[in-house]
There are 2 protein chains.
Amino acid sequence: MNRGPDGKRRSVTIHDVAREAGVSRGTVSRVLNGGHYVSPAAQTAVNNAIRRTGYVVNRHARSLITGRSDSVAFLLTEPQERFFEDPNFNVLLRSCTQALASQDIPLLLMIAGSEDERRRNLRYIQAGHVDGVLLVSSHSGDPVAGELQAAGVPVVACGKPLGQQARIGYVAADDREGARDMVRYLHASGRRRIATVSGPPDTPGGVERLAGYRETLAECGLPADDLLIATGDYSRASGEQAAELLLRRAPDIDAVFVASDLMAQGVLDALARAGRRVPEDIAVGGFDDSPAAVSTRPALTTIRQPWDRISKEMVRMLLARIGGEEPAALILPTELVRRDSA
Amino acid sequence: MNRGPDGKRRSVTIHDVAREAGVSRGTVSRVLNGGHYVSPAAQTAVNNAIRRTGYVVNRHARSLITGRSDSVAFLLTEPQERFFEDPNFNVLLRSCTQALASQDIPLLLMIAGSEDERRRNLRYIQAGHVDGVLLVSSHSGDPVAGELQAAGVPVVACGKPLGQQARIGYVAADDREGARDMVRYLHASGRRRIATVSGPPDTPGGVERLAGYRETLAECGLPADDLLIATGDYSRASGEQAAELLLRRAPDIDAVFVASDLMAQGVLDALARAGRRVPEDIAVGGFDDSPAAVSTRPALTTIRQPWDRISKEMVRMLLARIGGEEPAALILPTELVRRDSA
DNA sequence: CTGAAAGCGCTTACAG
DNA sequence: CTGAAAGCGCTTACAG
């Protein structure tokens, strides 16, 4: 954008570049779009002209004709306020932004906290203002994924969208295997009464991590015991309550696998209040490796979710879908991070 | 977006609406843009036609002609990784998104972590792809505000941009008065050896909160003593180190005003390790009222920054600037939140 | 390989 | 108050 003689913004257009380079506007456009069917001489002339004039393509004009917006939405559906305060979310949003930026694709941030906002955002997306959607739903049963898919909008979800008919592409950490790793580790370090605090049963993490816990107990020859299982809602307070419940029902536990670091913080609080030492009396294992994990005392042994990679793969998959590829599910391995709590 | 007979996306255009309503495209456009100079009858006909056809305006076509993009950037310049993990940032980003969404203005999230990204984002913005910028810089001395301003792009910053020639609009909490409130409160509750952990001297919070501390000490007739002042970088670890330093230099302190909740967490850690009881031996006051404030033990007495209102006002001010209004500085009052640490 | 031309969907003076 | 027309800046067949 420059200033014209009238003082108003006047951008240099493809026309100016064409004149400067001594070619037609069509040729400039061809150079801009990959340089196919353009002679080396014309290439050079145009590129020089672009440099000299400081030309930048007008995306609106381009989008008007191509029908693509060359932008992508990051849609956060958030029945629970809490979700936004989840440090994991930060990492995700940031990595997605950067992965997209490296391809010069802007990210539109959309938050659907209320039904009203959900509808507004849906309308916006369906109007074709973005080429695709990175979907982050805290809970499943969220119809938005299906609605977008039905509208023909490419979608990639973070985590497996539960209860969806449509085959939606998604990227997720291997929740089940992560849980298994942690429980195996607790068992290997000599624990025999291993309890768990699971997440909500309508979330993939709630389901899969619990399943991993159960399977590993069985593999280790430890008896299944429902008294050892408490359920939280991923909040710190719910972790606290779950631990109290566990302590009442099974005072002899010597380990707890907690399905999120935030809940593990609550567990640590409850344990401290009950006078149990961690890890001496009771080992505590978390899940996520969120920033919370290093701020607890003792620091949390946990399972790392590869957020950075998840984001990159989500972006890659979405771009592929926009390019016409079919949906896929990508499961990424987790990693056990040993610190002090187990 | 509908599907045309060829299976390709085909949107209903202003043309379809015009035909359906029995008016010209110009009239439809006038209805769309406020309904001036349109007869009530035409109004109704067009509105009905819009409803029937499911018409949604093509923003690219509109932008091409108006020269506006009807979108706004949220630019985060982030020399320090840490900043993104600041819970305050979440609240800010979220409120801005929602304030904008209520006016149907999408927010483009841009992160400038490296010099390279800074340049890329600057170029994008200068190309006129957004109408204005909400600027969130963790540190001052950041040239980006001036550069944007110079390019004629409306900018509103979060917090006072230090060391800027240009008169840039900004919204900020009243750092100085907030600090004064806290120190007055500590003094009123009987403390007489009040130390402080200040923020970096190149941030407005670092400067202003320290100034407020100093002023209030003087007002209360307490002697100025540089041994009572330690400086951190807003990180938890720096709070810990600062507290250790303070304890060494002035073991008789009975209160600490800490310029951020995150640093206050570190102070609490150090105090606990030193065997000092909070608040019995030493009262601790924070700043921010971030989520961290309720998760500490004891819970933090602190100064609330009105993030929600800051965001709303930033959006309002940016929209006003885009509309041609001159820059302004808006200072919002803070609030003392009493909990257990002081 | 290249130019002339049509056209994307809208807004906005310009007449009436 | 309303319609016909020009034009925003670009891409893309279409001829050559």
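Because the structure is predicted, anything quoted here is derived from the model rather than measured. In what follows, chains are A, B, ... by sequence order, proteins preceding strands, each numbered from 1.
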Task: Bracket notation of DNA chain D in which parentheses pair within the strand, [ ] cross earlier pairs, and | pairs with another strand (Watson-Crick or G-U, under 3.5 Å) - done: |||.||||||||.|||
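Side-chain N/O atoms of B:Gln126 and B:Glu147 include no donor and acceptor closer than 3.5 Å. Using modelled atom types, one finds no donor on one side chain facing an acceptor on the other under 3.5 Å when comparing A:Thr53 with A:Asp16.
Listed by first and then second residue, the salt bridge (Lys or Arg N to Asp or Glu O under 4.0 Å) pairs that reach into residues 20-44 of chain B are B:Glu20-B:Arg52, sequence neighbours excluded.
A salt bridge is absent between A:Glu117 and A:Arg120: the closest approach of a Lys/Arg side-chain nitrogen to an acidic carboxylate oxygen does not fall below 4.0 angstrom.
A donor-acceptor pair is defined here as one N or O able to donate and one able to accept, closer than 3.5 Å; such a pair exists between the side chain of B:Ser311 and the backbone of B:Trp307. The main-chain N or O of B:Leu107 is never found under 3.5 Å from a side-chain atom of B:Ser71 such that the two would form a donor-acceptor pair.
As a whole-Å value, the separation of B:Tyr37 OH from D:dG3 P is 17 Å.
The gap from the C1' atom of C:dG16 to that of C:dT12 amounts to 16 Å, rounded to the nearest Å. Separating the P atom of C:dC10 from that of C:dC14 is a span of 23 Å, rounded to the nearest Å. Here the separation of C:dT2 from C:dA6, taken at their P atoms, is 22 Å to the nearest Å.
Within the 4.0 Å cut-off from OP1 or OP2 of C:dG3, at least one side-chain nitrogen or oxygen of A:Ser24 is found.
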- [ ] Spell out protein contact along nucleotides 10-16 of chain D as letters: B when the base is contacted, S when just the sugar-phosphate is, - when no protein heavy atom is under 4.0 Å; keep the 5' to 3' order.
- [x] BBBB---
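The shortest non-hydrogen separation linking B:Ala99 to B:Val315 is CB-CG2, 3.8 Å.
Aromatic ring pairs are classed by plane angle as parallel below 30°, tilted from 30° to 60° and perpendicular above 60°; the pair B:His60 and A:His60 is tilted.
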